[in-house]
K.L.:
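Pasting a structure here, questions to come.
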Amino acid sequence: MDFEAVKLLLDQPKNIVITTHRSPDGDAIGSSLGLYHILKAHGHSVDVIVPDQFPGFLKWMTGSDSVIVYELSKIRSKEALKKADIIFSLDYNNLSRIADLGALVEESKAIKILIDHHLEPSPDYDFSLSDTSASSTAQLIYTFADSIGVANHINEPIAECLYAGIMTDTGSFKFSSTSALTHRIVANLMDCGLVPDKVHNAIFDTNTFSRLKLLGFTLSERFEYDAERKISVLRLSNEDKLEYSFQKGDSEGFVNYGLSIGGSKMAVFLSEDEEGYTKFSFRSKGELDVNKIARSHFNGGGHKNAAGGKLDMPIEEAYKQLRKVINEMFKV
């Protein structure tokens, strides 16, 4: 990225829209709200637009009540995009990741800036900060702010947003993407007022009783382990979710339980959507590249050790397709 050019671009007040991917997670919301506050402090008019709702355990972040949900506020979203001078794409590498919102962004004449850490970013941006070695997009937001000279705007609420993104996308700093730079940036955020355990508690210690019951059910009734291939598969149908009063975000992190088995190489979590399709979450260890698996067979992608996908079919059919792929790729 030409940081000097972007710095000049942001020297005068602009109308800015920040977008992030469908089913926003901690990094998507944390990086978006972190940048939102930084740019507002620098004198810009800023809106954050997400394709659909995000989990309740992320709504403690300062500014979360100002996020525009496209599927609920299409007119407001279109008005914001129509007047935008600059559109930021955060935590996704292709406009297809923001569903119907993608066509509106593509049509816009605004300057487009990508900040992301996923593989194979789209080249259709005026400026791009793409670093697949970065732990998270939130980490890149700090780098971006520092590089254009606006990191001085980072205060405690902004530091909390960025830390939330970094912490969740690194699996609480256990994933291989966690680097020395990641920890240095967190130390800088602490100097800005961050209290790490406050953020950790807000995200991980606000479970509902129904979510814990759902987790117990998933592990006892919907969890299988292929000891020969070292692969775990977990799944939840619409009926399962209804039984346990499922709320958006309740299955966050379930896939990691499969990977926690000693010697496990890969874990897959299947989640049926009420619209009839099935979403996949892939996790792996070491050299096993689940990004390639997700891209080749499940209309998805992501990172080497963490990826997602989707098949337009009910969960039982999707499960059969997964078993077919596993049998073909992991012969024993």
Side-chain angles (χ1 to χ4, degrees), residues 21-25 28 51-52 91-100 102 118-120 122 171 175 214-215 217-244 246 248-261 263-332:
H21 60 75
R22 185 171 181 168
S23 298
D25 56 9
D52 54 359
D91 203 36
Y92 67 92
N93 56 5
N94 191 291
L95 291 177
S96 63
R97 293 292 313 282
I98 57 173
D100 293 344
H118 293 89
L119 296 167
E120 301 182 27
S122 168
F175 295 158
L214 177 67
L215 173 60
F217 169 79
T218 305
L219 294 177
S220 63
E221 304 296 331
R222 298 290 187 264
F223 181 24
E224 59 189 67
Y225 181 61
D226 186 331
E228 288 187 294
R229 296 179 173 88
K230 312 292 186 186
I231 295 173
S232 298
V233 177
L234 305 90
R235 48 182 166 149
L236 282 176
S237 68
N238 280 323
E239 289 77 10
D240 295 334
K241 293 178 179 180
L242 185 62
E243 178 71 21
Y244 290 93
F246 182 86
K248 194 174 184 68
D250 276 356
S251 59
E252 186 78 22
F254 280 18
V255 65
N256 296 321
Y257 286 92
L259 204 61
S260 70
I261 295 176
S264 178
K265 295 180 180 179
M266 182 175 79
V268 188
F269 175 64
L270 292 76
S271 176
E272 189 174 32
D273 188 271
E274 58 186 15
E275 295 180 9
Y277 61 82
T278 300
K279 294 186 291 185
F280 292 77
S281 294
F282 297 88
R283 298 292 184 272
S284 67
K285 293 177 180 177
E287 294 305 310
L288 181 54
D289 191 340
V290 291
N291 171 65
K292 290 182 179 179
I293 296 174
R295 284 184 179 275
S296 299
H297 302 282
F298 300 98
N299 305 307
H303 306 286
K304 180 180 178 181
N305 297 123
K310 172 185 170 184
L311 291 180
D312 291 318
M313 59 182 68
I315 193 166
E316 287 306 318
E317 292 181 34
Y319 172 73
K320 290 177 182 177
Q321 181 64 25
L322 173 66
R323 296 307 317 182
K324 180 181 178 181
V325 171
I326 289 175
N327 289 334
E328 289 175 351
M329 295 189 66
F330 301 91
K331 298 184 185 299
V332 292

K.L.:
Between F280 and A318, what is the shortest heavy-atom contact and its length?
P.N.:
CZ-CB, 3.8 Å
K.L.:
Any sub-3.5 Å donor-acceptor pair from N305's side-chain atoms to G286's backbone N or O?
P.N.:
yes
K.L.:
Can you find a pair of side-chain heavy atoms, one from Y257 and one from S232, that are under 4.5 Å apart?
P.N.:
no
K.L.:
Is there a side-chain contact between D91 and H118 (heavy atoms, below 4.5 Å)?
P.N.:
yes
K.L.:
So, for G301 and A294, which heavy atoms are closest and what is the spacing to 0.1 Å?
P.N.:
N-CB, 3.6 Å
K.L.:
K292 and L119: side chain to side chain contact (heavy atoms under 4.5 Å, CB included), yes or no, with the steps?
P.N.:
CA-CA 10 Å; K292 290 182 179 179; L119 296 167; over 6 Å; no
K.L.:
Which atoms form the tightest heavy-atom contact between H303 and V290, and what is the distance?
P.N.:
O-CG2, 4.0 Å
K.L.:
Flag yes if more than 12 heavy atoms outside E274 fall under 6.0 Å of its CD atom; otherwise flag no.
P.N.:
no
K.L.:
Hey, are D289 and R295 close enough for a salt bridge, meaning a charged N less than 4.0 Å from a carboxylate O?
P.N.:
no
K.L.:
Do NZ/NE/NH1/NH2 and the carboxylate oxygens of D273 and K310 come within less than 4.0 Å?
P.N.:
no
K.L.:
Between atom CG of D240 and atom CD1 of I315, what is the distance when rounded to the nearest 0.5 Å?
P.N.:
7.5 Å
K.L.:
Taking side chain as C-beta onward, heavy atoms only, is K248 less than 4.5 Å from D52?
P.N.:
yes
K.L.:
Is there a donor-acceptor contact under 3.5 Å from the side chain of E272 to the main chain of N238?
P.N.:
yes
K.L.:
Within the structure provided, determine whether F223 and T218 are in side-chain contact (heavy-atom separation under 4.5 Å).
P.N.:
no
K.L.:
Could you tell me the separation between the CZ atom of R283 and the OG atom of S260, rounded to the nearest 0.5 Å?
P.N.:
13.0 Å
K.L.:
What residues, two or more places apart in sequence or in another chain, satisfy salt bridge (Lys or Arg N to Asp or Glu O under 4.0 Å) together with R97?
P.N.:
none
K.L.:
With a 4.5 Å heavy-atom cut-off, do D312 and N299 have their side chains touching?
P.N.:
no
K.L.:
So which atom in H21 and which in I98 form the shortest heavy-atom distance, rounded to 0.1 Å?
P.N.:
CA-CG2, 3.8 Å
K.L.:
For R229 and N327: C-alpha separation, side-chain torsions, deciding distance, then whether side chain to side chain contact (heavy atoms under 4.5 Å, CB included) applies.
P.N.:
CA-CA 9 Å; R229 296 179 173 88; N327 289 334; 3.2 Å; yes
K.L.:
Are the side chain of N291 and the backbone N or O of A306 linked by a donor-acceptor pair below 3.5 Å?
P.N.:
no
K.L.:
Distance from F269 atom CZ to L259 atom CG, nearest 0.5 Å?
P.N.:
14.5 Å
K.L.:
Which residues satisfy the ring pair (Phe, Tyr, Trp, His ring centres under 6.0 Å) test with F175, sequence neighbours excluded?
P.N.:
none
K.L.:
Roughly how far, to the nearest 0.5 Å, is the CD1 atom of I231 from the OH atom of Y225?
P.N.:
9.0 Å
K.L.:
Taking the side chain as everything from C-beta on, heavy atoms only, tell me whether Y319 gets closer than 4.5 Å to V233.
P.N.:
yes
K.L.:
For a side chain to side chain contact (heavy atoms under 4.5 Å, CB included) check, start with the C-alpha distance between S281 and F254, then their side-chain angles and the critical distance, and finish with the verdict.
P.N.:
CA-CA 9 Å; S281 294; F254 280 18; over 6 Å; no
K.L.:
Would you please test L219 and L234 for side chain to side chain contact (heavy atoms under 4.5 Å, CB included) and show each step?
P.N.:
CA-CA 8 Å; L219 294 177; L234 305 90; 4.1 Å; yes
K.L.:
Where the side chain of S122 meets the backbone of N94, is there a donor-acceptor pair that is under 3.5 Å apart?
P.N.:
no
K.L.:
Mind checking whether Y244 and F217 have ring centres under 6.0 Å apart?
P.N.:
yes
K.L.:
Hey, could you give me the CD1/CZ distance between I293 and F298, rounded to the nearest 0.5 Å?
P.N.:
8.0 Å
K.L.:
Might you point out which heavy atoms bring T278 and M313 nearest each other, and give the distance in Å?
P.N.:
OG1-O, 2.8 Å
K.L.:
To the nearest 0.5 Å, what is the distance between CE on M329 and CE on M266?
P.N.:
7.5 Å
K.L.:
Decide yes or no for S237 and L270: does some side-chain heavy atom of the first lie under 4.5 Å from some side-chain heavy atom of the second?
P.N.:
no
K.L.:
Using side-chain heavy atoms (C-beta onward) and a distance below 4.5 Å, is L214 in contact with K241?
P.N.:
no
K.L.:
For K265 and L288, work out which heavy atoms get closest and say how close.
P.N.:
O-CD2, 3.6 Å
